[in-house]
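Below is one structure, written out as structure tokens; comments come after it.
Counting starts at 1 for both ligands and their atoms, in listed order. In what follows, residues are counted from 1 in the order of the sequence shown.
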Amino acid sequence: MNIDLVQVRDDIRTRKTTARATVDQTLARIARSNSQLNAYHEVFDDQARADADRIDLEIAAGKSVGVLAGVPIAIKDNIVTRIGHTTCSSRILENYRSPFDATVINRLTQAGAIIVGKTNLDEFAMGSSCEKCAWGVVRNPWDINRVPGGSSGGSAVAVAANLCAAALGSDTGGSIRQPAALCGVVGFKPTYGRISRYGLVAFGSSLDQIGPITHSVRDAALLYQCMAGDDPHDSTCAPRAVEDVVTTLEETPRAFRVGLPVQYRKGNSPSVDAAVARAVEFFKAMGATIVDIDLPLTDVGISTYYVIAPAEASSNLARFDGIRYGHRTKSTAAKDLFDLYAQSRAEGFGPEVQRRIMLGTYVLSAGYYDAYYRRALQIRRLIKQEFDTAFAKCDVILGPTSPTAAFSIGGMTDPLAMYMCDVYTVNTNIAGICGISLPAGFDETSQKPLPVGIQLQAQAFAEPMLLKVARAYERVQGGREYPTA
Ligand code: GLN
């Protein structure tokens, strides 16, 4: 049986079980399967047990505890925590310890959550497969010869294999939703600015957003509600009240319109198209209106994203130079300061991160700025407008999360082919809207059944409606198998 966060939380609170027993079970599962799956880079056994004991004492003493009291949660290792290290799965931050906790960490721990460990990612969140992780590849629990997706692959695997009750990921172009789809779990990317980025190591600052990866929409809504809302430490965080999405979640969504973009129908594997078709039938049966919509800039999203995200990354990653932050070369051959920077960075960053830094530096350089970066910003505006037009005709946009189920480890060597995995997810970030990936059945054509996901996207700050629609779908979608990890 999959862990149900809300159920675990209630059982701890009503003393059907204890936080300690829950944490012990989770740690035992991690001890059994993490060496194979490599979901976690670091696990905080002692601290997690101590936190659990403290919560059990509080409950036994009749004190009021937070809404996540005793629940074991995994954190993507690009979100800073005072406990342990924050490495971004990069050699350049191998021994880095943060002097502060990210806002989301404070909010979760104040609600009583127990941080069990830090999960692996593609280095600095750049990738779609978790093969670009300095601490080894992460494996998909449904078939260990397949990738889990990325970049939040460690978090998605930790949830799928029940090595935590829920996890946090970050999503710059699909990094929560795509691994969630490939691992058969829920991945929710809220609207840009809805959750503080303070303490999220920046990749593309205008695109990055933290969000939950969970077994259910109900769990995702609860975590989202705990984390969302303004933060004085993040000036891009939206200063608007957070609606109570948890109590309204079970309401049947009022008459709503589901938009199907014609551009989301080509090049998908048949299992993915079939999952979308089933969802269409479900929403029709619920009484929703199905409308065709047009998003002609879907394909252009990838090229736009691969200008804007690397441009921002090249600037954000400049601080990792061996002096201010990060690995410093041991070589005595460095001729001067510049050489020291160059050698430290060449040793510390992996090839994909170096490729992005070079790409980003290039598109921002004099002479190319107008041709690439400015142009990409102009297209960004058009992509936003395209969504606005679409949302005049529909409330949610339905489509695949990823064109295919999980591919084989080592099976995708062309970086451009890898970039195309994000064709349905990058525009959500470019437009700053919200999106959620939901488990939607299996691809049965390979040796082992592989999960496929569907995605629902909605307008900025339409999370309450999006979650309600997602929950309605989840209720009929029903139980999923438990991976034998
Ligand atoms: N796969 C995309 C990339 O490599 C998205 C990554 C992300 O969302 N962090 O940039």
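By the neighbour-count criterion of 12 heavy atoms within 6.0 Å, atom OH of Tyr372 is sparsely surrounded, having that number or fewer from other residues, nucleotides or ligands.
With 3.5 Å as the limit, one finds no donor-acceptor pair spanning the side chains of Lys189 and Thr428.
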Please assess Arg328 against Gln343 for the test side-chain contact (heavy atoms from CB on, under 4.5 Å), listing each intermediate value before the final yes or no.
CA-CA 8 Å; Arg328 185 180 303 174; Gln343 284 196 33; over 6 Å; no

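With sequence neighbours left out, the salt bridge (charged side-chain N to carboxylate O under 4.0 Å, His left out) criterion links Arg375 to no other residue. Not a single ring pair (Phe, Tyr, Trp, His ring centres under 6.0 Å) links Tyr192 to another residue, sequence neighbours left out.
Under the side-chain hydrogen bond (donor to acceptor under 3.5 Å, both in side chains) criterion, the residue pairs touching residues 396-414 are Thr401-Ser437, with sequence neighbours excluded.
Contact residues of ligand 1 (protein heavy atom closer than 4.0 angstrom to a ligand atom; sorted by chain and number): Ala125, Met126, Gly127, Ser128, Ser151, Asp171, Thr172, Gly173, Gly174, Ser175, Phe203, Tyr305, Tyr306, Arg356, Asp422.
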